[in-house]
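One structure is given here, and the rest of the page talks about it.
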Amino acid sequence: MNYTSHATAIIDEGATIGEDSRIWHFVHVCSGAKIGARCSLGQNVFIANKVVIGDNVKIQNNVSVYDNVTLEDDVFCGPSMVFTNVYNPRSSVSRKDEYRDTYVKKGATLGANCTIVCGATIGEYAFVGAGAVIKGDVKPYALMVGVPARHIGWISQQGERIPLPLRGEGTFLCPHTALRYKLNGEDMECLDL
Ligand SMILES: CC(C)(COP(=O)(O)OP(=O)(O)OC[C@H]1O[C@@H](n2cnc3c(N)ncnc32)[C@H](O)[C@@H]1OP(=O)(O)O)[C@@H](O)C(=O)NCCC(=O)NCCS
């Protein structure tokens with residue numbers, strides 16, 4: 001496997017890591033983890049066994065990706081953001097067979113210090129603001145901020161606001177990418193994918 005890792009990183013035998021991925025100081029990757037190509041794992045990142053990570057995923061410092069978390073291609077995890085996998089933990093009750101899945105779809109951004117309560121699917125290119133707490137599914141291209149997170153708008157693949165209301169009908173042409181977006185009722189879609 002053709003990736004680079006710092007001498008302090010611990011990569012357990014059996015982990016798969018794709019071409020040109022970069023693994024920085026004090027990272028631990030468990031044996032069952034599957035990590036794609038061109039990923040970056042920042043300082044002090046932990047990747048558990050039952051984790052699948054696509055290509056070109058960026059995970060900033062101090063993020064733990066626990067069992068039952070799936071990150072699709074081009075996902076960005078901001079520094080110190082938090083995944084979970086037990087919904088109602090108690091130290092005295094074993095819940096290892098009750099993990100709830102978290103899916104983060106292609107291109108989504110999870111801002112610094114946000115928390116994803118397990119059992120949620122974060123839609124394609126959704127954007128979770130810094131410090132938000134997500135509980136439940138997030139629509140593609142939705143911008144979510146606050147605690148609990150609320151849907152305040154739409155955001156393009158470029159990472160800029162789409163000037164359309166939360167619901168209704170409308171279209172937007174991104175001046176940077178020429179991608180066309182269409183609001184259908186309460187859902188945003190990109191017409192060019
Ligand atoms: C969401 C974000 C991109 C700002 O987007 P924006 O379109 O410029 O939004 P605005 O700053 O115009 O804010 C719109 C509203 O949302 C609120 N808001 C924006 N970001 C917020 C956040 N993270 N948490 C809570 N409220 C937030 C603003 O206060 C404002 O509220 P108001 O309408 O009541 O005044 C930015 O605030 C953010 O969180 N970026 C993530 C940064 C990060 O984590 N980077 C990691 C790599 S270092």
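Just the heavy atoms: all of them, side chains too, but no hydrogens, waters or symmetry mates, feed the values below. Both counts, for ligands and for their atoms, begin at 1 and track the order of listing.
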What do you think, any protein heavy atom under 4.0 angstrom from [atom]?
{"atom": "atom 16 (O) of ligand 1", "answer": "yes"}
{"atom": "atom 11 (O) of ligand 1", "answer": "no"}
{"atom": "atom 34 (O) of ligand 1", "answer": "no"}
{"atom": "atom 30 (C) of ligand 1", "answer": "no"}
{"atom": "atom 44 (O) of ligand 1", "answer": "yes"}
{"atom": "atom 4 (C) of ligand 1", "answer": "no"}
{"atom": "atom 22 (C) of ligand 1", "answer": "yes"}
{"atom": "atom 27 (C) of ligand 1", "answer": "yes"}

**Per atom 14 (C) of ligand 1, closest listed option by heavy atom (Ile155, Val145, Ile152)** =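 Nearest option to atom 14 (C) of ligand 1, by heavy atoms: Ile152.
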**Request:** Can you figure out which of Ala130, Gly111, Cys114 has its heavy atom closest to atom 39 (O) of ligand 1?
**Result:**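 Checking each option, the heavy atom nearest atom 39 (O) of ligand 1 is found in Ala130.
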**Thr84 side chain to Cys118 backbone, donor-acceptor under 3.5 Å** =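 Yes; judged by distance alone, with no hydrogens or angles, the pair exists.
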**Request:** Decide whether Asn61 and Ser80 meet the rule of one side-chain donor and one side-chain acceptor closer than 3.5 Å.
**Result:**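 Their side chains do not contain a donor-acceptor pair, so the 3.5 Å distance test is not met.
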**Message:** Between Asp74 and Asn56, is there a side-chain donor-acceptor contact under 3.5 Å, judged purely by atom types and distance?
**Reply:**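 Yes, a side-chain donor-acceptor pair sits under 3.5 Å.
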**Message:** Suppose we measure from atom 2 (C) of ligand 1 to each protein heavy atom; which comes out shortest, and what is that distance?
**Reply:**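 Of every protein heavy atom, Phe127 CE2, 4.5 Å lies nearest to atom 2 (C) of ligand 1.
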**Message:** For atom 1 (C) of ligand 1, what is the closest protein heavy atom, and at what distance to 0.1 Å?
**Reply:**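 The closest one turns out to be Leu143 CD1, 3.8 Å.
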Minimum heavy-atom separation for [X] and [Y], please, with both atom names.
{"X": "Val57", "Y": "Glu72", "result": "CG2-O, 3.2 Å"}
{"X": "Gly36", "Y": "Asp55", "result": "CA-OD1, 3.4 Å"}
{"X": "Asn68", "Y": "Arg100", "result": "CB-O, 4.0 Å"}
{"X": "Leu71", "Y": "Cys77", "result": "CD1-SG, 4.0 Å"}

**Message:** Using a strict threshold of under 4.0 Å (side-chain N to carboxylate O), is an ion pair present between Arg167 and Glu186?
**Reply:**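 Judged by the 4.0 Å cut-off on N to carboxylate O distance, Glu186 and Arg167 do form a salt bridge.
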**Asked** Quick one: do Asp192 and Arg180 make a salt bridge, cutoff under 4.0 Å?
**Response**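 Counted as a salt bridge, because a side-chain N and a carboxylate O are separated by less than 4.0 Å.
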**Message:** With heavy-atom distances below 4.0 Å as the criterion, list the atoms of ligand 1 near Ala112.
**Reply:**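 Every atom of ligand 1 under 4.0 Å from some heavy atom of Ala112: 43 (C), 44 (O).
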**Request:** State the atoms of ligand 1, each with its element, that fall below the 4.0 Å cut-off from a heavy-atom position in Arg161.
**Result:**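 So the atoms of ligand 1 that pass are 6 (P), 7 (O), 9 (O).
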